[in-house]
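What follows is one structure encoded as structure tokens, with my remarks underneath.
Heads up: numbering here begins at 1 and tracks the sequence. In each ligand, atom 1 is the first atom listed, and ligand 1 is the first ligand listed.
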Amino acid sequence: MNYAEVAVNSPGSRSSFSYAIPPGFSISVGQAVWVPFGSRIVQGIVLQVSDKPAVEETKEIAGIITDSPPLSSIQIKLAQWISEYYFAPPFDALSLMLPPGFERRSIVLFKATGSQADLPLTPEHRQVLDVIGGKTNTSLAELEKAVGRRKARQITDQLLDLQLITSTLDLGPARIKPKTVPYVELTADRQEIEVAKARLGKSGAHRQAELLQFLIGQAKPIPVDEIRRHLHCSSATIKALESHHLVSVERLRVRRDPLAHLSFVPSPPPVLTSSQQAAWGLIHDIIVGEVSPSGRSPVFLLFGVTGSGKTEIYLRALAQVVAAGKRGICLIPEIALTQQTVERFASRFSGRVALLHSGLSLGERFDEWQWIQEGNCDVIIGPRSALFAPLPDLGLIIIDEEHEWTYKQEDKSPRYHARDAAIELARLSGAAVILGSATPDIGSFHKAQQGEYQLVELKERITPRGYSPLPEVTVVDLREELKAGNTSLFSRPLIAAMKGALAQGEQVILFLNRRGTATFVRCRSCAFIFRCPRCSIALTYHSVEKRLICHRCRYSIPAPQSCPRCSRRNLRSLGIGTQSVEEEVKDFFPQARVIRWDKDVITRKYGHEELLEDFRDRKADVLVGTQMNAKGLDLPQVTLAGVINADTGLNFPDFRSSERTFQLLCQVAGRAGRGVKAGNVIVQTYSPDNYVIEAAAKHDYLGFYSKETDYRRRYDYPPFSRLVRLVYSHTDEQLCRLEAERVHHLILEERSRKHMADFSIIGPVPTFAFRARSKYRWQLFLRGPDSSHILSELALPRGWTIDVDPVGMV
Ligand code: ADP
Ligand code: ZN
């Protein structure tokens, strides 16, 4: 094996490269190496070793970064799958899995050989040699300071050729180090200590005697901090004992444990209810069994409303896997990663739970990573990135709220979906997967219908007080309110219900859809909405151009003054914020205490957790939030949940807008009435007969699924086709459009050359957030069973991003 295929850490490099393995180097798959790349030396990861290089001319690997590979062969395979499936640079996929703080730059160090030059040297050569002098190491940066950037490289190259200096590679400064703290331990034997104690007591050194006495009772070395907590003891006291060789002080590595501040009482599992028992019966035999002969790993879709006991099944399945000597990962949407959830897991698997989330410091993440890799934990909880932690013996992956869009990495490469990556990882590891949701992703449910996933249902809601029904949902037609002259944000039924709840001392949540703020235009007299005559989705108001634009086909009209249906001049672009809802509550109920839950309120100091705590502690009567916040809340005092306007999301120009709205409405409806009293939900809408609203009001997922799949099948949207989103961004509007059109033409040509009749293109159109971060963005979508043939032919210049299976179209 003389050659290695290496993924290099250089932005945007789409493929891996062949390098020769120098004699004496022992290189294996997953190893981290230094390789020359262009004029630099960069980090690389070995993907493969072989007898033949992929190209004729190869450079040599320059050095080995870590003796033992930081990545396992399964991780390498997973990264390759992610890179290929999502058209992402291989190193981007690998960096998901590299230890925190791993990515570092190289430094070149020089040393004089001491030999004499045969030729006369220039003054510059002498200057450089003087700087290097007799020191053990001189960095290139130092030389650059002395003679300038370009010169430094040039001259050192020449001196290397003349064998006057040698160079070595070193890592740049580490971004993190293991944390150590001082520990104290007795070193003298029992008799010496008794003697010393007596002597110290006599000479009045009571502190030292006291410390000795304390240490006699300790079986292990004990951190200085802990000693301080027990005794009045200064560092001078410890030093004094140390100088008499009675104790030793040594720095030991400690784990920065994100759960350290919490204490857990181990709790026994409850007896399963009969419907949990039935669900568990379907899962438990398969879960630790072998992978099926087809090579597929078992994927369960656990479908049950909020509070139906899914988490209890997760815990059961994890316990079973752990009992069989394996380990598990449980992914949770970041916002649902509350203390409540963590406590539940930590008390079941006491001391064996690792927690990963975005709030951890780099050091904490590094420690968790090490701790996990060393096999110290059985269960990892975390958001999508936790999937890539180096957990040995993986037996089970759970994805809670599998329909959540946060499982898709949208903002940077690789644009992977954690669900699909998890299923691939499970296949590679011979592990099982459980996807859980009250409102499964349409694609996931479709797969369950096709037999690709195994459907397991939990039909009843459990509360600590036994089964409890889902809350009653009342749909209020806002058109009737307009007719009756009520133009406030709250309908009469909502006001009446709020009045009732507040009078009883109960709590109320009001939800608002954040997306779709000031986007589409509606007539306030007859509720007419401007739609595209070709695509029938709502037109979007662009204030700069003063036009209404279709985001699917680019149809556009100047923003009108009056309603084409009733001719009245009562048009309004829709967009209400949490602030206006808060003000309206104060108008109607001046006595009520209101907490607003949005980005402006949440700060580093006052996080989601604190805000919820305040609400739970009854420091407020009404909580106003966006529907984003509906998940993972357990608020037993809430008896009324109101949705201010269910339509905002519905009219979003995206084929997933119905699914999204349905999920959010169900989540809200699942919130109220989890306590002793039955809950009430009021949904305000201008389109009460829309199938999304009707189905959500009846908690009818299957009804929704059937209508929604009809629509998707008719218009050939996923899961009946696959989409790839291509986005181009540029600061120049004109160039941006032209480039999008150029690529559009290329794709059309490729399509006809390949006779791909079942392949279509949507766009190019400007993206919804048209000028995000002062850049113009244009996009087009490839739609067909498989776009990879087209994509692999396209050489897209910088500025393009590729998103395979995008979760949104805007
Ligand atoms: P989900 O994950 O579907 O929202 P949970 O597992 O959180 O449901 O269960 C809802 C509530 O019912 C929780 O308070 C949980 O502690 C409780 N619970 C779940 N299973 C049982 C059981 N078998 N016996 C008693 N209480 C249970
Ligand atoms: Zn259109």
Options A438, G307, P270, ranked by nearest heavy atom to atom 4 (O) of ligand 1, top entry | G307

Are Q663 and T439 linked by a side-chain donor-acceptor pair shorter than 3.5 Å?
-> no

Taking atom types as modelled, is there a side-chain donor on Y85 or D805 under 3.5 Å from an acceptor on the other?
-> yes

Verify the distance criterion only: is there a donor paired with an acceptor across the side chains of Y691 and E708 at less than 3.5 Å?
-> yes

Please report the closest heavy-atom contact between V456 and F300, naming both atoms and the distance.
-> CG2-CD2, 3.9 Å

Does any donor atom in the side chain of E460 or S275 lie under 3.5 Å from an acceptor atom in the other side chain?
-> yes

Counting each atom of ligand 1 from 1 as listed, which ones have a heavy atom of T273 under 4.0 Å away?
-> 23 (N)

Check each heavy atom of V305 against ligand 1 and say whether those closer than 4.0 Å belong to the side chain, the backbone, both or neither.
-> backbone

Run the numbers for me: atoms of ligand 1, each under 4.0 Å from some heavy atom of V271, listed by number.
-> 22 (C), 23 (N), 24 (N)

Atoms of ligand 1 close to K310 [distance to a heavy atom under 4.0 angstrom, numbered from 1] | 1 (P), 2 (O), 3 (O), 6 (O), 8 (O)

Distance filter under 4.0 Å to L272 heavy atoms, resulting ligand 1 atoms = 23 (N)

Candidate list E424, E404, E402, H403, test side chain to side chain donor-acceptor pair (under 3.5 Å), partner R419, passing option = E402

Part of I313 within contact of ligand 1 (heavy atoms, under 4.0 Å) | neither

Checking heavy-atom distances from atom 16 (O) of ligand 1 to each of Q276, E312, E401, R344, the winner is R344

Value for CG (D400) from OG1 (T341), rounded to nearest 0.5 Å, stands at 8.0 Å

Just which atoms of ligand 1 are under 4.0 Å from any heavy atom in G309?
-> 1 (P), 3 (O), 5 (P), 6 (O), 8 (O), 9 (O)

